[in-house]
A.B. asks: 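Let me begin by handing over the structure; questions about it come next.
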Amino acid sequence: MKTAEIKQSPRSKDFLQNPFDFYKKVRSRGLLIKWRDLDLKVTGDYSLVNEILRDRSFVREPLNGFFYQVPKKMFPFYENESNSMLEREPPTHTRLKSAVLADFGKANLKRFEPKISELCYDSLRLIKKGQFDLTQEFSKKFPVLVISKLLGVPEEMAPQLVTWSNSMVAMYQSYRTKQIEETALKATIAFTKYIKSLIEKRRKKTSDDVISHLLSAEVKGERLSEKELVSTIILLLNAGHEATVHTISNGIKALIESGYEHRIIIKNSKRVVEEVLRYSTPLHLFKRYSTRERKIHDYTIKKGEQIGLLLAAANRDPQHFVSPETFNPLIKRKANLSLGAGVHFCLGAQLARLQLEIAIKGIFEIFPSIQIIHPPDYSDTYHFHSLRNLLVRT
């Protein structure tokens, strides 16, 4: 079957503010659509996105290697990528993930929960009541404090970590300039140097934190190499806060606009979190390489070809969700795909949910009359769906 094509700039103002109308068009035209602007076959069908995420023959690791056709000067950035569990497949992925799994499991997070609450409420109480930008004053600060405390990174480094992280993840946006590449390269080098210094400090004096645990972790008698340690810590710091930043702001916007009373939000906080993840998906596009030529519902996929999985479109698929375009945390819905599925299901899923629940409760407890006072503006950062600002009044 010939793949239909669709044109839509991922940088247009209308698309950035509301990509969901485009996703409706994608779903209406077939299971697989060629998105011409990205030169990529994409799907917004829930069942197919879920199927590909779980199919071990669709991988994140590039078939030609991480350094294929990469300028030599960019090698430090891609060397970090090549040692990241996010980009690797089993058995390397399994070994790297196993080394840190316990730190992000239920038992450790239960122990850490009071500290997360303390960081949340302390951050909120520092905000002067009146008018403020929730994104800048809270969403961008709270998650990085949490992941830094969990890993054992000094709190005063949080602003610098955000700067390095933003510079590195800009490489995943739908457009890339030489300036973005150069900034990402400098950030990778500086970040790597800093993490190496932290590792040396922990080797001399261990603590009860993730970095110390990683240094002593053994998987089948094998410890992580120096490069794997650095990449894992950078990944945990970056991924541990980037998506949560977007989800908090996007979710609070949706909750305020929905008109639900703060008491209902707090009482149903777990369902609220799941609806926020579904409706306000922070990362809209994941990609997978096919390791073999195959047919998917009569569509031919070549070996090495990339498929774009539109998570935000899948999360509003009317074939899977009742009234998908309506934010309603009181409906019992099926599982959303915001945190992935299969082998690459998000390591920090439980932490993300816990932070969101605590943040939402905290915001509506401290600011029960919170209102949006200016139309929010989404950033030119696709495939991240991120609010540049969220101006509110309390």
Side-chain angles (χ1 to χ4, degrees), residues 1-10 12 14-38 40-55 58 243 246-247 250-251 253-260 264-265 268 270-288 296-299 301 307-342 345-346 349 353 356 378 382-386:
M1 183 185 294
K2 186 178 180 181
T3 308
E5 295 191 0
I6 194 165
K7 185 172 174 60
Q8 172 62 64
S9 169
S12 75
D14 288 345
F15 172 81
L16 291 168
Q17 302 313 307
N18 178 23
F20 301 101
D21 287 343
F22 169 69
Y23 295 153
K24 288 179 187 176
K25 293 178 184 177
V26 169
R27 287 195 306 265
S28 70
R29 296 192 186 182
L31 286 174
L32 274 177
I33 302 294
K34 175 74 172 291
W35 189 347
R36 288 172 55 190
D37 305 73
L38 298 185
L40 182 71
K41 287 178 182 175
V42 299
T43 178
D45 178 85
Y46 181 96
S47 296
L48 184 54
V49 169
N50 189 39
E51 178 186 329
I52 292 175
L53 284 171
R54 296 175 186 277
D55 189 332
F58 281 99
H246 310 324
T247 313
N250 295 350
K253 172 182 177 288
L255 281 162
I256 294 172
E257 291 176 341
S258 72
Y260 286 99
I264 293 174
I265 292 169
N268 297 278
K270 292 195 184 310
R271 279 196 182 181
V272 166
V273 165
E274 293 309 309
E275 182 68 343
V276 163
L277 286 169
R278 182 198 71 83
Y279 186 84
S280 304
T281 312
L283 307 180
H284 280 209
L285 172 67
F286 276 4
K287 297 177 184 177
R288 292 289 187 270
I296 294 184
H297 301 277
D298 295 326
Y299 297 92
I301 307 297
I307 300 296
L309 309 177
L310 296 172
L311 303 184
N315 281 340
R316 296 196 184 191
D317 185 346
Q319 298 299 315
H320 193 81
F321 298 101
V322 176
S323 303
E325 301 297 331
T326 302
F327 182 89
N328 188 343
L330 303 184
I331 295 177
K332 188 174 182 181
R333 298 189 184 276
K334 297 177 182 179
N336 64 76
L337 295 174
S338 292
L339 298 168
F345 180 71
C346 179
R353 287 186 167 107
L356 277 171
Y378 285 93
Y382 192 81
H383 65 278
F384 302 100
H385 193 51
S386 61

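The model shown is predicted, which means the values in this text are computed figures rather than measured ones.
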A.B. asks: Looking only at atom types and distance, does a side-chain atom of Arg27 sit under 3.5 Å from a main-chain N or O of Ala313, one as donor and one as acceptor?
C.D. replies: yes
A.B. asks: Find the distance between CD1 (Ile296) and CD1 (Ile307) and round it off to the nearest 0.5 Å.
C.D. replies: 6.0 Å
A.B. asks: Determine, stepwise, if the pair Tyr299 / Ile33 fulfils side-chain contact (heavy atoms from CB on, under 4.5 Å).
C.D. replies: CA-CA 10 Å; Tyr299 297 92; Ile33 302 294; 5.9 Å; no
A.B. asks: Please find the pair of heavy atoms, one from Ser280 and one from Ala254, that lie closest to each other, and give the distance.
C.D. replies: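 The answer is OG-CB, 3.8 Å.
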A.B. asks: Which label fits Phe20 and His385: parallel for a plane angle under 30°, tilted from 30 to 60°, or perpendicular past 60°?
C.D. replies: perpendicular
A.B. asks: Give the intermediate values and the outcome of side-chain contact (heavy atoms from CB on, under 4.5 Å) for residues Tyr378 and Asn250.
C.D. replies: CA-CA 10 Å; Tyr378 285 93; Asn250 295 350; 3.6 Å; yes
A.B. asks: Return yes if a side-chain donor-acceptor contact under 3.5 Å exists between Asn315 and Thr281, otherwise no.
C.D. replies: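 Per modelled atom types, Asn315 and Thr281 side chains form a pair under 3.5 Å.
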A.B. asks: Please tell me whether Ser12 and Gln8 have a donor and an acceptor in their side chains that are separated by less than 3.5 angstrom.
C.D. replies: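 Present: a donor and an acceptor within the cut-off.
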A.B. asks: Indicate the atoms forming the closest heavy-atom contact of Leu16 with Tyr382, along with that distance.
C.D. replies: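 Result for this residue pair: CD2-CB, 4.3 Å.
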A.B. asks: Check whether any side-chain heavy atom of Arg316 lies under 4.5 Å from a side-chain heavy atom of Tyr279, and answer yes or no.
C.D. replies: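 With C-beta onward as the side chain, the pair touches.
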A.B. asks: Hey, is the main chain of Tyr46 close enough, under 3.5 Å, to the side chain of Asp317 for a donor-acceptor pair?
C.D. replies: yes
A.B. asks: Taking the basic N atoms (NZ, or NE/NH1/NH2) and the acidic carboxylate oxygens, is any pair closer than 4.0 Å for Glu275 and Arg278?
C.D. replies: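 Result for this pair is yes, salt bridge flagged.
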A.B. asks: Begin from the C-alpha positions of Tyr23 and Asn18 and carry the test side-chain hydrogen bond (donor to acceptor under 3.5 Å, both in side chains) through to its verdict.
C.D. replies: CA-CA 10 Å; Tyr23 295 153; Asn18 178 23; over 6 Å; no
A.B. asks: Is any side-chain heavy atom of Leu356 closer than 4.5 Å to a side-chain heavy atom of Thr247?
C.D. replies: yes
A.B. asks: Restricting to non-hydrogen atoms, name the atom on Ile52 and the atom on Phe58 that form the minimum distance, rounded to 0.1 Å.
C.D. replies: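 Heavy atoms of Ile52 and Phe58 come nearest at CG2-CG, 3.6 Å.
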A.B. asks: Taking all heavy atoms of Ala314 and all of Phe321, pick out the closest pair and write down the distance.
C.D. replies: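 Nearest heavy atoms, Ala314 then Phe321: O-CE1, 3.5 Å.
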A.B. asks: Do Arg353 and Glu274 meet the salt-bridge criterion of a basic N to acidic O distance under 4.0 Å?
C.D. replies: yes
A.B. asks: Counting the benzene-type ring for Trp, do His284 and Phe384 have ring centres under 6.0 Å apart?
C.D. replies: no
A.B. asks: Quick check: do Ile6 and Val42 have side-chain heavy atoms less than 4.5 Å from each other?
C.D. replies: no
A.B. asks: Hey, are the side chains of Glu325 and Lys24 touching, using non-hydrogen atoms and a 4.5 Å cut-off?
C.D. replies: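 Of all side-chain heavy-atom pairs linking Lys24 with Glu325, at least one is under 4.5 Å.
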A.B. asks: Is the closest side-chain heavy-atom distance between Val26 and Trp35 below 4.5 Å?
C.D. replies: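 Val26 does not reach Trp35 side chain to side chain.
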A.B. asks: Are any of the side-chain heavy atoms of Leu310 and Thr43 separated by less than 4.5 Å?
C.D. replies: no
A.B. asks: What heavy-atom pair brings Leu337 and Ala341 nearest, and what distance separates the two atoms?
C.D. replies: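 Of all heavy-atom pairs spanning Leu337 and Ala341, the closest is CD2-CB, 4.5 Å.
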A.B. asks: Find the distance between OG (Ser47) and CD (Gln319) and round it off to the nearest 0.5 Å.
C.D. replies: 8.5 Å
A.B. asks: OG of Ser258 to CG of Asn328: how many Å apart, nearest 0.5 Å?
C.D. replies: 8.5 Å
A.B. asks: For a 4.5 angstrom cut-off between non-hydrogen side-chain atoms, does Leu53 reach Leu311?
C.D. replies: yes
A.B. asks: So, taking the atom named NZ in Lys41 and the one named NZ in Lys287, what distance separates them when rounded to the nearest 0.5 Å?
C.D. replies: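 Answer for the NZ-NZ pair, Lys41 versus Lys287, is 15.0 Å.
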A.B. asks: What pair of heavy atoms forms the shortest contact from Leu40 to Gly308, and how long is it?
C.D. replies: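 Here Leu40 and Gly308 meet closest at CD2-CA, 3.8 Å.
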A.B. asks: Would Lys7 and Asp37 pass as an ion pair if we require N to O under 4.0 Å?
C.D. replies: yes
A.B. asks: Does any N or O in the side chain of Arg271 come within less than 3.5 Å of the main-chain N or O of Pro329, such that one atom is a donor and the other an acceptor?
C.D. replies: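 Here the side-chain-to-backbone pair does not exist.
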A.B. asks: Would Leu48 and Leu309 satisfy side-chain contact (heavy atoms from CB on, under 4.5 Å), going step by step from the backbone distance to the final call?
C.D. replies: CA-CA 9 Å; Leu48 184 54; Leu309 309 177; over 6 Å; no
A.B. asks: Quick one: does Val49's side chain get under 4.5 Å of Phe286's, heavy atoms only?
C.D. replies: no
A.B. asks: Check for a donor-acceptor pair, side chain of Asn268 on one end and backbone N or O of Ile264 on the other, with a separation under 3.5 Å.
C.D. replies: yes
